[in-house]
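One structure is given below, encoded as structure tokens.
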Amino acid sequence: MMNDRAPEHHSIVVLGAGFGGIGLAIKLREAGFDDLVLLERADDLGGTWQANTYPGCACDVPSQLYSYSFAPNPDWSRTYGKQREILEYLRRVATDHDVVRHIRLGTELTEARWDEAAHLWRIQTSRGPLTADFFISAAGVFAEAKYPELPGIDTFEGTAFHSLHWDHEHDLTGAQVAVIGTGASAVQFVPEIAPRVATLTVFQRSAPWIVPRMDRPTLGVERTLLRRLPLAQKAIRGTWYTLIEGFGLVGFVDNRFRHPYEMLGRLQLLRQIRDPELRRKATPDYIIGCKRAIFSDAYLPALDRENVEVVTDGIAEVRPHSVRTRAGVEIPVDTIIYGTGFTPIPSAFERIIGRDDLSIADLYHTRPQTYLGAAMAGFPNFFCTLGPFGAAGNQSAIFMLESQIAYIVDALQTLRARGARRVEVRQETQDAFVEEMARRSADTVWLTGGCQSYYTTPDGGNAGLYPNWSFEYRRRTKQFDAESYEVTR
């Protein structure tokens with residue numbers, strides 16, 4: 001017998017239970033929105049901090065800043081939080097604010113489609129259908145592994161895995177390991193595995209800028225002080241905010257400000273690498289900030305170990321038990337670890353479809369576009385976090401997230417007060433914002449620094465970083481600007 005029961009309906013459905021989704025749920029509940037559901041495809045909350053478990057996984061933003069301003073933690077064990085501690089922090093915050101009951105784990109989005117006639121979202125999941133008045137994407141951009149396109153990659157007969165899917169059952173002791181990629185993840189796990197393996201070959205396409213991390217364990221007396229003096233913790237958070245915000249001087253003010261930062265990187269190279277030839281290989285050939293600069297005190301010394309070799313010739317092909325370089329050198333390996341980053345457009349964006357039967361991915365492939373990184377023309381009753389031009393290269397993602405969360409919550413409160421059933425950012429408003437972003441990006445280090453990275457689109461445009469100060473972004477998102485939207489009662 002056919003089941004004609006209507007799909008389960010909720011006022012708000014949020015995609016993702018990482019920092020964005022949990023923060024949204026907390027602030028929505030505080031504003032009186034209790035009819036909400038968070039869809040999380042993994043079996044635990046935490047987003048990227050649940051997914052990434054490779055050795056050495058840690059944040060590259062100090063913990064006092066990489067945490068919610070409304071949920072300070074005086075008990076961080078180190079300056080920079082490690083994966084497990086950050087995940088425990090998120091679990092604790094979600095539990096303390098009673099949002100765990102709104103999270104549906106192991107529930108993957110298969111489609112979310114706007115129904116114009118009914119003014120609602122029809123959502124299909126791996127655990128059944130839903131409908132929602134408002135749909136919010138808090139899906140992270142570092143969620144799906146990117147693999148290199150290399151001849152023979154499928155013929156390799158050893159063990160191969162991506163850092164996002166670390167094989168903890170595979171014993172690396174005495175192994176002949178090839179690491180492909182030198183991004184932020186590789187910089188963290190290479191020092192962890194180098195002492196255990198027999199040989200470690202790092203295949204480097206371009207050298208990353210490495211600057212001092214100065215990480216250290218926090219003292220018990222420090223943690224006691226922060227618990228007793230919350231203002232001291234705010235002062236530390238403010239200090240870190242100011243220091244990191246200063247990277248904007250290089251990013252979008254004038255790249256001549258790069259010299260002090262590059263000097264730190266060059267001094268790090270001189271201090272930590274003895275071999276002149278290796279130092280040459282490890283010296284970047286582009287302006288700092290063009291790609292993501294990486295904080296590490298352990299990576300360069302790991303490269304200087306006797307059992308580690310850095311190869312810059314490029315890979316010609318992967319063979320069943322080796323990797324052959326373009327120079328014709330064949331390097332025996334039994335394990336390949338891909339440190340090649342993440343896909344720029346999560347697959348979930350292919351499954352979120354707006355009023356013109358276009359997905360978010362379709363629009364992103366045309367060009368990165370949102371309004372304030374939080375709304376999209378063509379997607380009524382839809383908001384997002386860290387959308388294009390909603391992330392900053394010179395500030396903690398949490399600061400930007402909290403700005404967007406405040407904007408989205410204020411939008412929903414405004415719409416509730418007006419009795420609105422439908423809201424959509426005006427196309428002309430979004431176009432003006434995107435053009436402003438392109439204009440401000442023209443002379444940024446991301447586009448003129450002499451490199452290609454996930455900061456840029458294939459045609460050389462800004463892939464989505466906000467080219468201005470984060471405090472200016474917070475001012476723009478402080479209050480929902482209803483006049484920029486078409487609002488239907």
So, do Trp76 and Tyr89 have ring centers that fall under 6.0 Å from each other? yes
Note: Glu88-Arg91 ion pair, threshold 4.0 Å (strictly below): yes
Checking Tyr54 against Glu192: is there a side-chain donor and acceptor pair closer than 3.5 Å? no
For residues 374-388, which side-chain N or O atoms pair as donor and acceptor with protein atoms under 3.5 Å away, sequence neighbours left out?
{"from": "Asn381", "atom 1": "OD1", "to": "Val423", "atom 2": "N", "distance (Å)": "2.8"}
{"from": "Asn381", "atom 1": "ND2", "to": "Asp133", "atom 2": "O", "distance (Å)": "2.9"}
{"from": "Asn381", "atom 1": "ND2", "to": "Arg421", "atom 2": "O", "distance (Å)": "3.0"}

Just by modelled atom types, is the Tyr485 backbone N or O under 3.5 Å from a matching donor or acceptor in the Arg426 side chain? yes
Pairs in or reaching into residues 441-454: which pass side-chain hydrogen bond (donor to acceptor under 3.5 Å, both in side chains), with residues at least two apart or in two chains? Ser441-Asn462
Any idea how His162 and Tyr147 line up, ring-wise: parallel (<30°), tilted (30 to 60°), or perpendicular (>60°)? perpendicular
Parallel, tilted or perpendicular: ring planes of Trp121 versus Phe135, cut at 30 and 60 degrees: tilted
Determine, step by step, whether Tyr68 and Phe19 satisfy the ring-ring contact (aromatic ring centres under 6.0 Å, His included) criterion, reporting the C-alpha distance in whole Å, the side-chain angles of both residues, the deciding distance to 0.1 Å, and the verdict. CA-CA 9 Å; Tyr68 297 119; Phe19 263 102; 5.2 Å; yes
Does the ring center of Phe161 lie less than 6.0 Å from the ring center of Tyr338? no
Could you pull out all residues at least two apart from Asp115 that satisfy salt bridge (charged side-chain N to carboxylate O under 4.0 Å, His left out)? Arg122
Presence of salt bridge, Arg440 and Glu472, under 4.0 angstrom: no
Roughly how far apart are Glu116 CD and Glu424 CD, rounded to 0.5 Å? 7.5 Å
Apply disulfide bond (SG atoms under 2.5 Å apart) to Cys57 and list each qualifying residue two or more places apart in sequence or on a separate chain. none
Lys/Arg N to Asp/Glu carboxylate O, Arg367 vs Asp431, below 4.0 Å: yes
Does Arg351 come within less than 4.0 Å of Glu108, counting only side-chain N to carboxylate O? yes
Sequence neighbours left out, what passes disulfide bond (SG atoms under 2.5 Å apart) with Cys59? Give chain and number order. none
Hey, are Ser470 and Tyr241 close enough side-chain-wise for a donor-acceptor pair under 3.5 Å? yes
Tell me whether Glu85 is salt-bridged to Arg78, with the criterion being a basic N under 4.0 Å from an acidic carboxylate O. no
List for me each residue that meets side chain to side chain contact (heavy atoms under 4.5 Å, CB included) alongside Ala463, sequence neighbours excluded, and say none if there are none. Thr457
Between Arg474 and Glu245, does any NZ, NE, NH1 or NH2 come within less than 4.0 Å of an OD or OE carboxylate oxygen? no
Tell me yes or no: between the side chains of Gln404 and Tyr473, is some donor less than 3.5 Å from an acceptor? yes
